[in-house]
Amino acid sequence: MTEPVLALMGPTASGKSALAEQLAIAFEGELISVDSALVYRGLSIGAAKPDYPHHLVHIRDPAQVYTAADFAREAKDCIDDIRARGRRPILVGGSMLYFRALIQGLDDIPDIDPAIRASIEAQARVQGWPALHQQLAEVDPAAAAQLHPNHSQRICRALEVFRGTGKPLSEWQQNAEPRSAEPDPDYECIALCPEQRATLHARIERRLEGMFDAGLIDEVTALYQRGDLHTDLPAVRAVGYRQVWSFLQGEFSLPECRERVLIATRQLAKRQMTWLRSWPSLGWVLTDAQGRILPSEKTAESGGETGTATDASSAEKLWKSRIMQLMRNF
RNA sequence: GGCUCGGUGGCAGAGUGGUAAUGCAGCGGAUUGCAAAUCCGUCAACGCCGGUUCGAUUCCGACCCGAGCCU
């Protein structure tokens, strides 16, 4: 069997990129970015674009919409391609739905005509989402039962799948084999994160200052002046870009803008932590206030309640131990 | 020094003689094609001391603090 793909996860500003670069060099690997903002050209400073080369960075125009499904497909191709060249693919990033789409897979639902979504959103503007939730309940009660009446995006998705395919979303999802919580042997998932929340917040704050100093405002201004971009696009909704965009429109002062970016970034980190806490079989790599990896047993592979490693191949064990060893020296 | 207005949760800000909206932040959660998105849940307050009252955050008085005006 092929060795697993290393997947390095973690909240924003946790230091993933620096570690990833070291891993890439140490393992003759190639990095694949798992980042929903970095896919867009023009998002560099505010998206913390790393200097070291990554795949799947700057591959779309900000006017386009990139999706988790696009990512899963392209990342898979990328992994195959890298392996075909005899190198090791390493995934790095914090877009957890992208990781999930790649590792756990998405159901094979056909593309939906964007016009359908547009009409649903138009309908929602006049009727409100709870009304659409009700309509969903008539055609797809299973999906509706799992969604709050205000959950705009997911109600929209369920509705557009039904209208576009004539088949309820919940049925599409039943076709696939049930998702297991078992660790996927094809991926070795590691999370890098400061042990203390306060440390992460301090890192976020420091990095944000650097972004503003490096010209974040100018970067967003360039996007703003294109004239064809708007706040409904994912690229413009990204943390930092959205707030600076509003600042450019005169909605608030620069100090308030900076404060809002800071808050939004912390909130992003929190949501990422929520994903990570329930991620199956995740190896936690905790760091101290100086960014050094803590040597305690907490850094060892977790989730091994039973002897899951007993039947692991020696190649796999070697792979793991090399990662762990490298990380101790980080 | 005098007068006026004001002091409600971390912040902003309603309100009532029977212990108090809401927004933001914080914290927790969800997450199958926009996910750095979207949504849900939740903690937490009436400056201080007396008085009136069955009962005061709400009424009265003193005091403290803040803003403004006056001398």
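Below, chains carry the letters A, B, ... as their sequence lines are ordered, and counting in each starts from 1.
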Inset, instruction - Give one of base, sugar-phosphate or nothing for Gly240(A), where a contact means two heavy atoms less than 4.0 Å apart. - result: nothing
Legend entry - Carboxylate-amine/guanidinium contact Arg260(A) Glu256(A), below 4.0 Å: yes
Inset, instruction - Quick one: label Ala47(A) by what it contacts on the DNA or RNA (base, sugar-phosphate, nothing), any heavy atom closer than 4.0 Å. - result: base
Legend entry - Among rG33(B), rU31(B), rG26(B), the one nearest Arg100(A) by side-chain distance: rU31(B)
Inset, instruction - Give Ala101(A) one of three labels, base, sugar-phosphate or nothing, depending on what nucleic acid heavy atoms sit under 4.0 Å from its own. - result: nothing
Inset, instruction - Specify the separation, in whole Å, of atom CG of Leu102(A) and atom P of rU32(B). - result: 17 Å
Inset, instruction - Select base, sugar-phosphate, or nothing to describe what Arg197(A) touches, counting heavy atoms under 4.0 Å on all strands. - result: sugar-phosphate
Inset, instruction - Please work out if Tyr98(A) contacts a base, only the sugar-phosphate, or nothing of the nucleic acid, heavy-atom cut-off 4.0 Å. - result: sugar-phosphate
Legend entry - Nearest-nucleotide comparison on RNA chain B, the residue closer to the 5′ end among Ala264(A) and Ile109(A): Ile109(A)
Inset, instruction - Remember a base hit wins even if backbone is also touched, and classify His201(A) as base, sugar-phosphate or nothing at under 4.0 Å, heavy atoms. - result: sugar-phosphate
Inset, instruction - For rA36(B), take OP1 and OP2 only and decide whether either is under 4.0 Å from a side-chain N or O of Ser95(A). - result: yes
Inset, instruction - Round to a whole Å and report the spacing from CD1 of Ile116(A) to C1' of rG33(B). - result: 14 Å
Legend entry - Sugar-phosphate only, base, or nothing, as touched by Glu259(A) at under 4.0 Å among non-hydrogen atoms: nothing
Inset, instruction - Calculate the interatomic distance between Leu223(A) atom CG and rA36(B) atom C1'; express it in whole Å. - result: 15 Å
Inset, instruction - Identify whether any heavy atom of Gln267(A) sits under 4.0 Å from a base atom; if not, whether one sits that close to sugar-phosphate; answer base, sugar-phosphate or nothing. - result: sugar-phosphate
Legend entry - Base-pair map of RNA chain B as dot-bracket, where | denotes pairing with a different strand and pairs are Watson-Crick or G-U under 3.5 Å: (((((((..(((.....[...))).(((((.......)))))....(.(((..]....))).)))))))).
Legend entry - Distance test, side-chain N/O of Thr12(A) to OP1/OP2 of rA36(B), below 4.0 Å: no
Inset, instruction - Compare the minimum distances between each of rA36(B), rG33(B), rA30(B) and the side chain of Asp35(A), then state the nucleotide with the smallest one. - result: rA36(B)
Legend entry - Value in whole Å for how far the C1' atom of rA36(B) lies from CG of Leu262(A): 14 Å
Legend entry - Glu74(A)/Arg60(A) salt bridge by N-O under 4.0 Å criterion: yes
Legend entry - Short N-O contact, Asp232(A) and Arg237(A), less than 4.0 angstrom: yes
Legend entry - Distance, rounded to the nearest Å, where Ile204(A) contributes CD1 and rG26(B) contributes C1': 14 Å
Legend entry - Heavy-atom donor-acceptor pair, Asp111(A) side-chain to rG33(B) base, under 3.5 Å: yes
Pairs: protein N or O with nucleotides 38-41 of chain B N or O, under 3.5 Å:
{"unit_1": "rU38(B)", "atom_1": "OP1", "unit_2": "Arg242(A)", "atom_2": "NH2", "d": "3.2"}
{"unit_1": "rU38(B)", "atom_1": "OP2", "unit_2": "Arg242(A)", "atom_2": "NH2", "d": "3.3"}
{"unit_1": "rU38(B)", "atom_1": "O4'", "unit_2": "Gln153(A)", "atom_2": "OE1", "d": "3.3"}
{"unit_1": "rU38(B)", "atom_1": "O4'", "unit_2": "Gln153(A)", "atom_2": "NE2", "d": "3.2"}
{"unit_1": "rU38(B)", "atom_1": "O3'", "unit_2": "Ser152(A)", "atom_2": "OG", "d": "3.3"}
{"unit_1": "rU38(B)", "atom_1": "O2'", "unit_2": "Ser152(A)", "atom_2": "OG", "d": "3.1"}
{"unit_1": "rU38(B)", "atom_1": "O2", "unit_2": "His151(A)", "atom_2": "NE2", "d": "2.7"}
{"unit_1": "rC40(B)", "atom_1": "OP1", "unit_2": "Asn150(A)", "atom_2": "ND2", "d": "2.8"}

Legend entry - Value in whole Å for how far the C1' atom of rA35(B) lies from CD of Gln272(A): 10 Å
Inset, instruction - Using a heavy-atom cut-off of under 4.0 Å over every strand shown, decide if Phe71(A) touches base, sugar-phosphate, or nothing. - result: nothing
Legend entry - Salt-bridge contact Glu209(A)-Arg258(A) (side-chain N to carboxylate O under 4.0 Å): no
Legend entry - SB check Lys76(A) Asp81(A) (cutoff 4.0 Å): no
